[in-house]
J.: 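The structure under discussion is supplied below as structure tokens; questions concerning it will follow.
Note that these values count all heavy atoms, side chains included, but never hydrogens, waters or copies made by symmetry.
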Protein chains: 2
Amino acid sequence: MKKLFFVTRSEENYIKTIFHLGGNSSSLIATNAIAEQMETKPSSVTDMAKKLAEKGFVNYKRYQGVSLTDFGIKTALSIIRKHRLWEVFLVEKLDFSWDEVHEVAEQLEHIKSEKLIDKIDELLGNPKYDPHGDPIPSKDGKFMERDKQLLSEMTLKSEGVCVGVKDTSAAFLKFLDKNSIALGNTIKVLEKEDFDLSLHIQMEGKELHISHQIASNLYIKKND
Amino acid sequence: MKKLFFVTRSEENYIKTIFHLGGNSSSLIATNAIAEQMETKPSSVTDMAKKLAEKGFVNYKRYQGVSLTDFGIKTALSIIRKHRLWEVFLVEKLDFSWDEVHEVAEQLEHIKSEKLIDKIDELLGNPKYDPHGDPIPSKDGKFMERDKQLLSEMTLKSEGVCVGVKDTSAAFLKFLDKNSIALGNTIKVLEKEDFDLSLHIQMEGKELHISHQIASNLYIKKND
DNA sequence: ACAAATTTTTAGATTTGTCTAAATTTTAAT
DNA sequence: ATTAAAATTTAGACAAATCTAAAAATTTGT
């Protein structure tokens, strides 16, 4: 007898956070880590952990932490799917810039209508990645994590395509816009500076100097 | 010093209901009427009335009822604007049928992003009416109520165009679909039956028999 | 106009999600 | 291994939004 599972917005946010902190496998996520991520107090997390366990979303071991159950993972992926599809929608259909979408998607991801998100998916042509390069889970929870690496970890002379960002803050994304660094751009590492770990790169033909801070937040898919 | 006005979802629903019950002018809406409409208890309405008055959305007179302030009206129109624009979006862009949109729009109307709804408005080409024929308030709160009347009130031989429905229940809308009665259809009243108030009409060339129940829920814009 | 019926409000309780402060458990250090 | 530090939980409180039951005000009927 499957419970008519009513999930509150707050529960959804906890489930999503636990997933992002790596609670998908059997690895336990600490109360503190969740509290910090969600800017709330550990005691609140404990309370919610009990409720989520009660409802079957997580395994909860007192003083140890929580991990998502299969049902919890399924739920998390559904929320993330909605979040990322809405982000694509906002950018592709409504001309939002990639630094503006997160806040709105945080709201839209909680809209409850299977038909709605499936139609949005269809309207967008079943995109596989969101505007920041993160993979979009399919309806049945599968998604393709790209074989990518940080620009800061690329070897000298290697080439690739910019496919994602690690830091998705508006500040960082606006910086990238200002410097014409966009997903899809081709990149070649020309030189690496030992002293400050900064890079000389070639991007879309033009030469650029990139600080370590930037390079360690850009994902590249290596050629071949 | 304008208060940073945080409106909860519940507050928005009360404001919207009060508006729909006619609380836009200075006419007071009874606690009971609101409770009945919202399927809640009068005591809950009283509590909320106090809060809404505190926040400046309504004028509240103990034992008398509430009416919306100018600020309350502005807020109500903004919510209704969002609701109706989302309805158009669902029908026009995502192929929802007009009996499916209400439930989802009830959720979407609470999304807080001015840019989002303005872009949706733009994407849809600034529609003036929603899928049920109800007018969509503009950004600055103006809207055009059409000069329409119920089919049941039309005189013999008069002609017009179907422009709206009074009853927006899924049951009624599906009935209309089944009988090929749609907004935009031309209508002519051929005969009125005194006994049961039913009508013989001509719709898009074809003759139809329409019960009073149906005729009193269809809005017609008379020709000329 | 006055009693009865209705409506509305108040008082007190409940649920959800949060908090603080204190107590407990686990982890880390010597 | 014992103690100090850190993390976690518990207990008790609070605000929001609701409810029930009782009290108060208004309206209605005669």
Side-chain angles (χ1 to χ4, degrees), chain A residues 3-18 21-23 26-68 72 75 79 106-107 109-110 112, chain B residues 3-18 21-23 26-68 72 75 79 106-107 109-110 112:
Chain A
K3 270 278 178 55
L4 236 312
F5 58 97
F6 172 71
V7 199
T8 68
R9 176 170 298 225
S10 184
E11 285 165 358
E12 286 192 342
N13 283 331
Y14 273 95
I15 291 166
K16 191 179 51 157
T17 300
I18 293 164
L21 288 174
S26 52
S27 73
L28 292 170
I29 307 299
T31 303
N32 246 8
I34 298 167
E36 196 174 323
Q37 181 72 27
M38 298 190 69
E39 299 186 343
T40 182
K41 301 296 168 185
S43 55
S44 306
V45 177
T46 299
D47 288 344
M48 184 56 86
K50 288 178 190 165
K51 205 209 300 189
L52 292 177
E54 190 106 352
K55 292 196 174 187
F57 294 109
V58 303
N59 303 117
Y60 169 53
K61 294 209 183 75
R62 278 169 86 248
Y63 292 101
Q64 302 296 131
V66 297
S67 65
L68 291 171
T75 305
I79 301 164
E106 285 284 297
Q107 298 181 61
E109 73 188 4
H110 300 294
K112 284 170 179 55
Chain B
K3 270 276 178 56
L4 235 312
F5 58 97
F6 173 72
V7 199
T8 69
R9 175 171 299 224
S10 184
E11 286 165 358
E12 286 191 343
N13 284 331
Y14 274 94
I15 291 166
K16 189 179 52 157
T17 299
I18 294 165
L21 289 173
S26 52
S27 72
L28 292 171
I29 307 300
T31 303
N32 246 8
I34 298 167
E36 194 173 325
Q37 182 72 26
M38 299 190 69
E39 299 185 341
T40 182
K41 302 295 168 186
S43 54
S44 306
V45 177
T46 300
D47 288 345
M48 184 56 86
K50 288 177 190 165
K51 206 209 298 189
L52 291 177
E54 190 105 351
K55 292 194 175 188
F57 294 109
V58 303
N59 302 117
Y60 169 53
K61 294 210 182 74
R62 279 168 88 249
Y63 291 101
Q64 303 294 131
V66 296
S67 64
L68 291 172
T75 305
I79 301 164
E106 286 283 297
Q107 299 181 60
E109 74 189 3
H110 300 293
K112 284 170 179 56

J.: Measure from NZ on B/Lys50 to C1' on D/dA15 and round the result to the nearest Å.
T.: 16 Å
J.: Measure the distance from CD on B/Gln64 to C1' on D/dA24 and round it to the nearest whole Å.
T.: 14 Å
J.: Per the atom types in the model, does the base of C/dT16 pair as donor or acceptor with the side chain of A/Thr8 at under 3.5 Å?
T.: no
J.: Does B/Ser43 place a side-chain N or O at less than 4.0 Å from the phosphate oxygens OP1/OP2 of D/dC19?
T.: no
J.: Report the distance from atom CG of A/Asn13 to atom P of C/dT18, rounded to the nearest whole Å.
T.: 9 Å
J.: Give one of base, sugar-phosphate or nothing for B/Thr31, where a contact means two heavy atoms less than 4.0 Å apart.
T.: sugar-phosphate
J.: NA contact type, B/Ser10, heavy-atom cut-off 4.0 Å: base, sugar-phosphate, or nothing?
T.: sugar-phosphate
J.: Please give, in whole Å, the distance from D/dA16 C1' to B/Glu54 CD?
T.: 14 Å
J.: What integer distance in Å separates B/Ile29:CD1 from C/dT8:P?
T.: 11 Å
J.: Taking all non-hydrogen atoms of both residues into account, name the closest pair between B/Thr31 and B/Pro42 and its distance.
T.: CG2-O, 3.3 Å
J.: Any side-chain N or O of A/Tyr63 less than 4.0 Å from the OP1 or OP2 oxygen of D/dA6?
T.: no
J.: Return the value, rounded to whole Å, for the distance between atom CD1 of B/Ile34 and atom C1' of C/dT9.
T.: 14 Å
J.: Atom CG of A/Asp47 to atom P of D/dT10: distance rounded to whole Å?
T.: 9 Å
J.: Of the nucleotides C/dT20, C/dT10, C/dT18, which has the atom closest to the A/Lys41 side chain?
T.: C/dT20
